[in-house]
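Since the structure comes first, as structure tokens, the remarks are kept for the end.
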Number of protein chains: 2
Amino acid sequence: MRVETPEIFADLQRKLMTAELQPGEKLKPSELQGFYGCSANTVRDVLLRLSKVGLVEFEMQRGFRVRASTPERRGDVTRFRILLEQEGARLSMLNGGVGWEARLTAAHHKLRHIESQIARSEDVVPFMGLWSDAELEFHETLISSCGSPILRETYGDIYVQFRQQMVGLERDFGSNYFHSIIAEHQAILDAALVRDIEACRTAIYDHLKRNL
Amino acid sequence: MRVETPEIFADLQRKLMTAELQPGEKLKPSELQGFYGCSANTVRDVLLRLSKVGLVEFEMQRGFRVRASTPERRGDVTRFRILLEQEGARLSMLNGGVGWEARLTAAHHKLRHIESQIARSEDVVPFMGLWSDAELEFHETLISSCGSPILRETYGDIYVQFRQQMVGLERDFGSNYFHSIIAEHQAILDAALVRDIEACRTAIYDHLKRNL
DNA sequence: AATTGCAAAAATTTTGAAATTTCCTTGCCT
DNA sequence: AGGCAAGGAAATTTCAAAATTTTTGCAATT
């Protein structure tokens, strides 16, 4: 089974984000090498790049480890995400034009569609992949007109880490849960479209505070 | 001339931050290898880690390049630094105790001492190294009680990038310049010590806005 | 004169193994 | 029994060369 480097990266990132590789677990290039059918050094390269994203911890002479998941870190990631998203949204509301509004509306429409399906269905699991993608797109679109590449990049990294920290956390995905989520996303959209900076700030906080 | 990996990292970081390696310049492992007396792969490793910090750009199959310096990026880095420092200082003012106040006062005292010397002297160049270190310590201490490892780490990275963007920019380092800097640092310290969040936010902005 | 195609050169990535460091087990001494 | 040291196993880092990819230079065509 021959795999190319970008695929190794993608596969490891997915396993990291779905907790198929569990927090704290040691990542040995010499072991993964066999699985991917490449040399240990290639795996090492990929892991170094994953440590840039923050999914993996690296310590010199001590190798790699799946980033640990603690209540402290979850809170830290969440607070940082809130900071970046509030600022990104604020700037987007100041800079964004109709194009931004259109893209945001579109992203929200798709997200809403999936969330409605989930709210009606029994089992959330089969929707999780699609929902994740739609959620990410909505939030990234929200900050997309902030005019700061650094903010957008950093947000992308922290979002990925957020997912890593939250997955594996057993939560009550009852229909209540998704009804709340739907309302929260709606509140963010509404505030953004009328450029109400304070309302949007609050809506973002209310959406994410459950993870603090 | 045999050099260990951490020293290669440190040396490259210094050259990157002092513009001895100029923005946009290509970084070829096969060339640096000769200079450091190690293999190309070792250099590659170091460069991958420097790209995590943001000093170096990496693109698959295209190698490494010193991060470009443009007015846009300078502004972006500066705005992001302002965001992080304002939030870090705000949280520190809420969480920090006397210990924090003491460390901040100490850091400011050292910084002030060097800045006074510079303001009296003709040539700033010989002081630049010491001043850089003292400035970094002051700003890092300011946010040190924020309680967010992620914020502190990210600030560290962005500070380094800030230096990289600003060095090489010809500026008027007349005595006026350092008199302003002294006043600005003092304003930040004063606001922080009396926990005046708004004043501190403004003082940080006023200190950094010249780079926008 | 500009553009496309091809071949040579240069640079990057990958490899497999050697060298080094860390980690763990075992045995010795207090 | 507890702690420390030495030895061996495992893991990480480094190396030099091979394989791959990109870039460059030159000629042929439009």
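Lettering follows sequence order; numbering is per chain, from 1.
Among the nucleotides C:dT12, D:dC15, C:dG16, the one closest to any side-chain atom of A:S39 is C:dG16.
Spacing between atom CG of B:N41 and atom P of C:dT14 amounts to 10 Å, rounded to whole angstrom units. Rounded to whole angstrom, the span from the CG atom of B:L48 across to the P atom of D:dT14 amounts to 13 Å. Spacing between atom CZ of A:R44 and atom P of C:dT20 amounts to 16 Å, rounded to whole angstrom units. Put simply, CZ on B:R65 is 10 Å from P on D:dT23, counting in whole angstrom units. Taking atom CD of A:E7 as the reference point, atom P of C:dT14 lies 12 Å away to the nearest angstrom.
Interatomic distance, B:L48 CG to A:F58 CZ, rounded to the nearest 0.5 Å: 10.5 Å. Of the inter-residue distances, the one linking A:Q86 atom CD with A:L91 atom CG reads 12.0 Å to the nearest 0.5 angstrom. Separating the CD atom in B:E57 from the CG atom in B:L27 is a distance of 10.0 Å, to the nearest 0.5 Å.
The side chain of B:K28 contributes no N or O atom lying less than 4.0 Å from OP1 or OP2 of C:dT13. Between A:T5 and C:dT13, a side-chain N or O to OP1/OP2 separation shorter than 4.0 Å is absent. Distances shown here put a side-chain N or O of A:T42 below 4.0 Å from the OP1 or OP2 atom of C:dT15. A close approach under 4.0 Å does not occur between any side-chain nitrogen or oxygen of B:R62 and OP1 or OP2 of C:dT12. A close approach under 4.0 Å does not occur between any side-chain nitrogen or oxygen of B:K26 and OP1 or OP2 of C:dA10.
With respect to B:E85, the side chain to side chain donor-acceptor pair (under 3.5 Å) criterion is satisfied by exactly one of B:H207, B:H139, B:R201: B:H139.
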